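Worksheet for the structure shown next.
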Amino acid sequence: MDDDSIPYGRHEVDADDLAAVAAVLQGDWLTTGPAVERFERAFAEFVGADHAVAVSSGTAALHLAMLAGGIGPGDEVIVPALTFAATANCVRYVGGTVVFADIDGHTLTVDPDHVASLITPRTRAIVAVDYAGLPADLTALRTMADRHGLLFVEDGCHALGAWCDGRRVGSVADLTCFSFHPVKHITTAEGGMITTANPEMAALLRTLRNHGIPTDHRARERAGVWEYDMTALGYNYRLSDLQCALGFSQLAKLPAWLARRATLAARYDEAFAEDPRVFRQSAATGRTHAHHLYTLRVAGREPADMRAAVFHALRQRGVRVNVHYRPVYLHSYYQALGYRAGLCPVTEHAYAGLLSLPMWHGLRDVQQAQVIDRVRDALTSVLHAGV
Ligand SMILES: *Cc1c(COP(=O)(O)O)cnc(C)c1O
């Protein structure tokens with residue numbers, strides 16, 4: 001891979017961010033200090049949620065969402081098949097059964113009609129995924145969850161800053177999970193957040209991220225007491241003060257970064273709108289995309305072969321495209337549990353053609369122009385080769 005190759009996504013850390021982290025390093029609290037609450041409050045305000053609870057990763061956020069929602073053995077949880085494995089794994093952590101739902105072939109978000117057809121007396125929760133940054137049909141899913149008395153969890157890891165029917169992602173589901181992995185909108189290296197309107201859930205999440213102990217070390221110091229009680233079986237899923245200082249500093253830049261991502265997406269849309277060799281992810285009325293990923297689907301009768309050839313042609317041309325995602329149930333672990341190919345045909349068909357082009361707020365105009373030229377060139381050379 002040559003050094004000027006273009007990745008599909010990456011982080012940006014500037015002098016402000018470094019200063020914010022250095023200030024914490026020189027202070028009294030490296031973990032669970034004032035930077036945690038400050039980041040949580042700013043994040044909650046940004047997404048329009050009452051509570052935000054910082055945790056050590058997006059995966060930890062999903063795990064705690066299942067625990068706080070009371071999911072356990074025998075419970076069925078409906079999860080879209082087109083997502084990162086962690087969305088389904090969180091159900092397995094608590095002993096629940098994953099029921100995979102298919103997607104809509106245009107928006108690539110979960111198909112609410114298919115979700116409705118999967119509800120049984122054992123269903124306890126619906127998990128939505130805002131694929132690539134386009135919110136799922138949250139309004140329909142919220143209504144469905146309420147009608148059936150189900151917990152509604154949203155994996156919003158792609159969709160920080162997105163809107164659905166006038167509400168920010170993070171303020172619609174019972175529990176919304178975010179990730180601050182370096183490829184996401186803002187980063188804390190590793191990190192995550194859960195937002196909720198429910199104060200009891202928020203308190204339980206804070207307890208569960210801290211070994212199941214409702215008070216933290218700093219609170220006990222302030223109160224001058226040493227005794228604590230562990231009330232539940234929790235984990236060490238805390239996000240450090242260092243990381244929260246970085247997250248707070250990054251959050252201030254998010255509006256500008258979202259605007260940059262939207263500009264880049266519009267340019268890609270324009271470049272590929274009339275190209276019969278590819279499909280773009282469709283927009284949906286009332287939903288504003290946060291552009292975590294920019295995906296194209298290679299058209300044709302054998303999209304998987306075409307996609308593989310285009311993928312390699314682009315890698316050779318210094319464009320590090322990626323694929324999001326292999327349907328979760330096709331992974332060996334889920335195959336061993338008895339899930340079979342063919343379960344979600346729309347997801348499988350979409351997966352066969354999917355490619356993620358470079359998309360991050362620091363992608364420069366000249367780089368994007370190179371990507372567009374090279375994608376067109378790769379499609380042409382692959383078609384001429386008769387793949
Ligand atoms: C990134 C991501 C996760 C996991 O987040 P981590 O912070 O890496 O644990 C979960 N779900 C989706 C859809 C993601 O993109």
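It should be emphasised that the depicted structure is a prediction, and the values quoted were computed from it without experimental measurement. Counting starts at 1 for both ligands and their atoms, in listed order.
- Contacts between Thr59 and ligand 1 below 4.0 angstrom, taking non-hydrogen atoms only, involve backbone and side chain alike.
- Asp165 and Thr139 share a side-chain donor-acceptor pair at under 3.5 Å.
- The Gly191 neighbourhood of ligand 1 comprises atoms 7 (O), with distances under 4.0 Å to a heavy atom of that residue.
- Within the 4.0 Å heavy-atom criterion, neither part of Glu190 lies near ligand 1.
- At a heavy-atom distance under 4.0 Å, atoms from both the backbone and the side chain of Ser57 approach ligand 1.
- Judged by the shortest distance from any of its heavy atoms, Cys177 lies outside the 4.0 Å radius around the atoms of ligand 1.
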Test side chain to side chain contact (heavy atoms under 4.5 Å, CB included) on Met193 and Phe39; report intermediate values, then the result.
CA-CA 10 Å; Met193 192 75 82; Phe39 182 37; 3.7 Å; yes
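- The side chain of Tyr325, and not its backbone, has at least one atom closer than 4.0 Å to an atom of ligand 1 (non-hydrogen atoms only; side chain from C-beta on).
- No donor-acceptor pair under 3.5 Å is formed between the side chain of Ser282 and the backbone N or O of Thr107.
- For Thr347 and Asp102, the side-chain atoms include at least one donor-acceptor pair closer than 3.5 Å.
- At a 3.5 angstrom cut-off on N or O pairs, Gly58 counts as close to ligand 1.
- Heavy atoms of Thr83 found under 4.0 angstrom from ligand 1 belong exclusively to the side chain.
- In this structure, a donor-acceptor pair under 3.5 Å is present between the side chains of Tyr329 and Glu348.
- Under a 4.0 Å criterion applied to the non-hydrogen atoms of Thr87, ligand 1 contributes the atoms 11 (N).
- Side-chain contact of Gln281 with His289: a donor-acceptor pair under 3.5 Å is present, judged by distance alone.
- The protein atom (non-hydrogen) at minimum distance from atom 13 (C) of ligand 1 is Asp155 OD2, 3.4 Å.
- Side-chain N/O atoms of Asp216 and Thr32 include no donor and acceptor closer than 3.5 Å.
- Using modelled atom types, one finds a donor on one side chain and an acceptor on the other under 3.5 Å when comparing Thr380 with Arg277.
- Looking at His292, Lys184, His181, Met193 and measuring to atom 2 (C) of ligand 1, the nearest heavy atom belongs to Lys184.
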